[in-house]
Protein chains: 4
Amino acid sequence: MTDSVAGPPGPISDATVARRPGKRARLAAAASRVLHERGVERTTLADIARAADVPVGNVYYYFKTKDELVQAAIDAHAARLGEMIAALDRLRTPQERLKALIGGWVGQRDLAVRYGCPFGTLCSELDKRADGLDRTAAEVMRILIDWAERQFRSMGRADAGELAVQLMATYQGMSLLTNTFRDPEIMTVQGRRLADWIDSLG
Amino acid sequence: MTDSVAGPPGPISDATVARRPGKRARLAAAASRVLHERGVERTTLADIARAADVPVGNVYYYFKTKDELVQAAIDAHAARLGEMIAALDRLRTPQERLKALIGGWVGQRDLAVRYGCPFGTLCSELDKRADGLDRTAAEVMRILIDWAERQFRSMGRADAGELAVQLMATYQGMSLLTNTFRDPEIMTVQGRRLADWIDSLG
Amino acid sequence: MTDSVAGPPGPISDATVARRPGKRARLAAAASRVLHERGVERTTLADIARAADVPVGNVYYYFKTKDELVQAAIDAHAARLGEMIAALDRLRTPQERLKALIGGWVGQRDLAVRYGCPFGTLCSELDKRADGLDRTAAEVMRILIDWAERQFRSMGRADAGELAVQLMATYQGMSLLTNTFRDPEIMTVQGRRLADWIDSLG
Amino acid sequence: MTDSVAGPPGPISDATVARRPGKRARLAAAASRVLHERGVERTTLADIARAADVPVGNVYYYFKTKDELVQAAIDAHAARLGEMIAALDRLRTPQERLKALIGGWVGQRDLAVRYGCPFGTLCSELDKRADGLDRTAAEVMRILIDWAERQFRSMGRADAGELAVQLMATYQGMSLLTNTFRDPEIMTVQGRRLADWIDSLG
DNA sequence: CATGAATGAGGATTCATTCAT
DNA sequence: CATGAATGAATCCTCATTCAT
């Protein structure tokens with residue numbers, strides 16, 4: 001999953017990397033950002049190429065279709081998610097970890113105001129497409145829910161699965177409302193309520 | 001707001017309605033449905049015309065642009081929302097009303113599985129567009145939040161506003177997850193949790 | 001030629017005229033004006049119908065095609081031209097008549113600034129069309145040139161025909177430049193030069 | 001001004017020109033010709049593409065809108081005008097230069113018969129459009145008037161400006177009448193009269 | 001006669017994808 | 001490997017003209 005955002009296809013030699021450092025990664029990163037900002041359907045390949053400072057015709061050397069670029073963006077999200085989880089796991093208690101997660105969400109409230117949750121909006125749009133990208137996106141979403149479930153479980157909650165879904169649902173919903181009403185306060189207030197809720201679970 | 005889904009343009013006489021019963025309304029209804037199913041960007045005017053069984057060229061007699069059709073779909077949502085609220089208001093206590101609202105959401109879980117919340121996905125997509133449709137959609141979303149706030153207030157809650165946002169956010173998020181994971185159980189389970197939460201508020 | 005702007009088709013009874021006084025004439029007048037302002041190709045039947053305050057569907061009772069409306073506008077020009085010539089003919093000398101003609105042109109300079117010569121722009125556009133309307137327009141243009149030729153002839157000029165063409169050409173050209181540069185002064189200055197030229201011819 | 005008819009977009013290298021010799025220029029030339037023949041409004045992009053032997057979809061690689069194609073046609077006129085003026089300036093006296101200009105007009109009388117003055121008809125049509133193309137066209141028209149004014153001034157005429165406008169107006173008008181009456185003789189006769197007039201100015 | 005409504009043939013424009021060098 | 005250029009299928013929208021009542 002992280003492989004596909006690492007380098008060009010084929011045997012990765014130092015020479016290749018030296019010649020074109022991270023052109024593929026740049027495209028994946030640009031795709032991730034632009035797809036969030038403009039939405040999947042409104043984003044053209046030219047948009048992504050421009051954002052990555054890669055000539056349009058060259059994009060197809062790295063990604064054969066637009067779908068593959070979307071897939072790369074999903075993978076980029078997965079990679080970032082992995083890093084985030086690794087960082088959270090360094091904290092002591094599950095409560096701390098969950099509240100740190102929530103804190104991260106609230107910290108990104110300005111992005112939510114403008115474009116909503118980077119991954120939620122993606123899932124929402126991908127559902128309308130015939131390709132199987134929505135399944136891949138679901139898998140990535142599942143990673144975080146499973147992680148949260150583990151936290152709730154280690155807090156001794158028998159309904160850990162339901163709590164994890166509730167946490168993620170509330171986050172997705174508050175991101176959507178924050179975006180709809182262009183109001184960062186929604187993130188702040190609901191984030192605080194979520195943290196209190198975590199504390200109340202014992 | 002209901003006007004635009006009622007009849008053809010110009011003065012609406014009985015004769016007119018008798019001659020062409022609800023072609024405009026049919027288009028608005030079709031727009032509402034198809035936009036939900038396929039998403040705003042992927043829906044073509046031909047799609048809507050076909051769904052309403054109206055020749056493509058004729059659509060423009062009723063709606064001058066695609067945007068106006070989207071607006072009509074928003075208005076249709078607003079109208080349905082108005083009816084729903086009127087029905088809910090016939091119930092005795094705010095708790096009953098809120099739980100009836102939640103029950104309605106859960107009852108529509110199969111739709112959520114396939115396409116997500118009809119209005120949330122619309123808001124999410126409209127945000128990416130330059131036109132002002134997202135503002136109109138926000139107003140409609142506001143209506144239900146304000147209604148919920150009134151219920152919480154009449155339950156004596158000082159934090160009624162925050163509770164209303166939380167309720168709506170959770171609904172939006174659980175719809176999104178239901179859609180993403182194609183799992184109606186999410187609606188059932190989270191709906192039950194929401195109802196319990198209402199009861200717990202006293 | 002004037003007949004076609006007078007009344008509805010079929011036997012013209014007083015009753016008919018009384019019922020719908022000048023609806024056809026109103027359409028012809030509106031066509032004449034709007035075609036000048038917007039140009040033939042950019043003018044829609046709806047534009048003309050609106051300007052004449054006649055329902056769109058009703059236009060076809062009076063004019064079966066857009067071409068017929070253009071023809072009616074040409075006829076309206078011819079009618080006005082006839083009246084103008086009749087008025088000019090009441091003046092004493094050919095010099096007076098020609099200079100009155102020029103004075104009339106200069107008096108309409110604000111219209112020329114905005115839209116050019118009503119008839120010249122029409123001739124110019126009609127030439128690009130496959131229909132025979134350009135021939136009709138040419139006939140109308142010929143009327144005024146012939147009239148001018150008669151004036152020059154009665155001034156004793158053997159080259160009356162050439163002078164008439166020169167007069168009309170200069171008028172058409174100064175109208176075009178006035179319109180292109182949006183400068184009414186061009187009409188005033190060149191009008192004065194034309195008048196001086198008339199005087200210089202003896 | 002000549003730039004836009006020179007080559008494809010982006011930095012113009014010899015290699016580029018070698019690879020695709022003048023496709024953009026071909027489109028501009030085709031636009032210039034077809035717009036004159038059919039008029040701006042009646043010319044479709046497909047017409048121009050066909051005349052340039054370029055696939056329709058490819059036109060947009062060179063010109064983002066139809067307006068840009070019109071602009072390119074204007075620029076092509078400006079370029080030709082520049083060449084013509086350069087050639088005229090090689091003649092000895094202003095009288096010779098002006099009469100050579102008139103001679104050129106008369107030499108193109110067959111084109112005038114069929115379609116009118118290439119630039120005058122353009123100015124006439126562009127005036128009806130909301131875009132700013134009419135202003136650009138006016139600038140090009142101004143170039144020739146200013147040049148003529150310089151000739152009249154170097155002939156010692158204090159009213160050089162008025163004379164220049166008169167010259168251009170007469171040309172525009174005689175082109176229009178030539179086109180309207182489909183009579184090349186008008187160009188010949190009025191051209192001779194213009195030449196005589198130049199001589200009479202001393 | 002009157003008129004709101006219907007119809008379908010274009011026309012401009014966009015864009016994912018492919019190709020030639 | 002790189003890249004400007006090419007391609008054609010869609011899509012939104014307009015409008016003259018016709019129709020039903």
Side-chain angles (χ1 to χ4, degrees), chain A residues 8-10 16 19-20 23 41-49 54-67 69, chain B residues 7-13 15-16 18-20 23-24 41-49 54-69, chain C residues 8-10 15-16 19-20 23 41-49 54-67 69, chain D residues 7-11 13 15-16 18-20 23-24 41-49 54-69:
Chain A
T16 303
R19 239 186 292 143
R20 278 290 158 190
K23 211 157 171 182
E41 300 299 335
R42 295 182 72 86
T43 298
T44 71
L45 287 185
D47 288 337
I48 297 174
V54 167
V56 218
N58 198 5
V59 172
Y60 280 85
Y61 178 73
Y62 298 96
F63 302 97
K64 272 187 269 299
T65 65
K66 186 179 178 181
D67 275 12
L69 262 171
Chain B
I12 301 171
S13 67
T16 304
R19 238 186 294 146
R20 282 291 153 190
K23 205 153 175 186
R24 185 189 168 97
E41 299 298 335
R42 293 184 71 85
T43 298
T44 71
L45 287 180
D47 289 336
I48 296 174
V54 165
V56 215
N58 197 11
V59 172
Y60 285 87
Y61 183 77
Y62 296 94
F63 301 96
K64 272 183 273 299
T65 64
K66 186 179 177 181
D67 275 13
E68 282 192 18
L69 264 170
Chain C
T16 304
R19 239 187 292 145
R20 279 289 158 192
K23 210 158 174 182
E41 300 299 335
R42 296 182 72 85
T43 297
T44 71
L45 287 185
D47 288 337
I48 297 174
V54 167
V56 220
N58 199 5
V59 172
Y60 280 85
Y61 178 73
Y62 298 95
F63 302 96
K64 272 187 268 301
T65 64
K66 186 179 179 182
D67 275 12
L69 263 171
Chain D
S13 67
T16 303
R19 240 185 290 144
R20 282 291 153 191
K23 205 153 174 184
R24 185 191 167 94
E41 300 297 336
R42 292 183 72 84
T43 298
T44 72
L45 287 180
D47 289 337
I48 296 174
V54 166
V56 215
N58 197 11
V59 172
Y60 283 87
Y61 182 77
Y62 297 94
F63 301 96
K64 272 183 274 298
T65 64
K66 186 179 177 181
D67 274 14
E68 283 192 17
L69 264 170

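Listed nucleotides: F:dA2, F:dT7, E:dA2. Nearest to the side chain of C:Y61: E:dA2. Among the nucleotides F:dC1, F:dA6, E:dT3, the one closest to the side chain of D:K23 is F:dA6.
If you check E:dC1 for Watson-Crick or wobble pairing at under 3.5 angstrom, you find it has no partner at all. E:dT7: Watson-Crick or G-U partner is F:dA16, with both key distances under 3.5 Å. Summarising the base pairing, E:dT13 is matched to F:dA10 through a Watson-Crick or G-U wobble pair whose two defining distances lie under 3.5 Å.
For the atom pair B:R24 CZ and B:F63 CZ, the distance stands at 4.0 Å (nearest 0.5 Å). A distance of 6.0 Å separates CG in A:L45 from CD1 in A:I48, rounded to the nearest 0.5 Å. Taken to the nearest 0.5 Å, the CG atom of B:L69 stands 8.0 Å off from the OH atom of B:Y60.
Along DNA chain F, the nucleotide nearest A:V54 and the nucleotide nearest D:V54 are compared for position; the residue whose nucleotide lies closer to the 5' end is A:V54.
Protein atom CG of D:D47 is 13 Å distant from nucleotide atom P of E:dG10, rounded to whole Å.
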Practice task
Summarise how protein sits on nucleotides 12-18 of chain F as a single string, 5' to 3': B when a protein heavy atom is under 4.0 Å from the base, S for sugar-phosphate-only contact, - for no contact.
Solution key: SBBSSBB
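In this structure, C:D47 and C:R42 approach most closely via the heavy-atom pair OD2-O, 3.8 Å. Taking every heavy atom of both residues into account, B:A49 and B:V59 meet most closely at CB-CG2, 3.7 Å.
Remark: D:T65 pairs with no residue by the side-chain hydrogen bond (donor to acceptor under 3.5 Å, both in side chains) rule, at least two apart or across chains.
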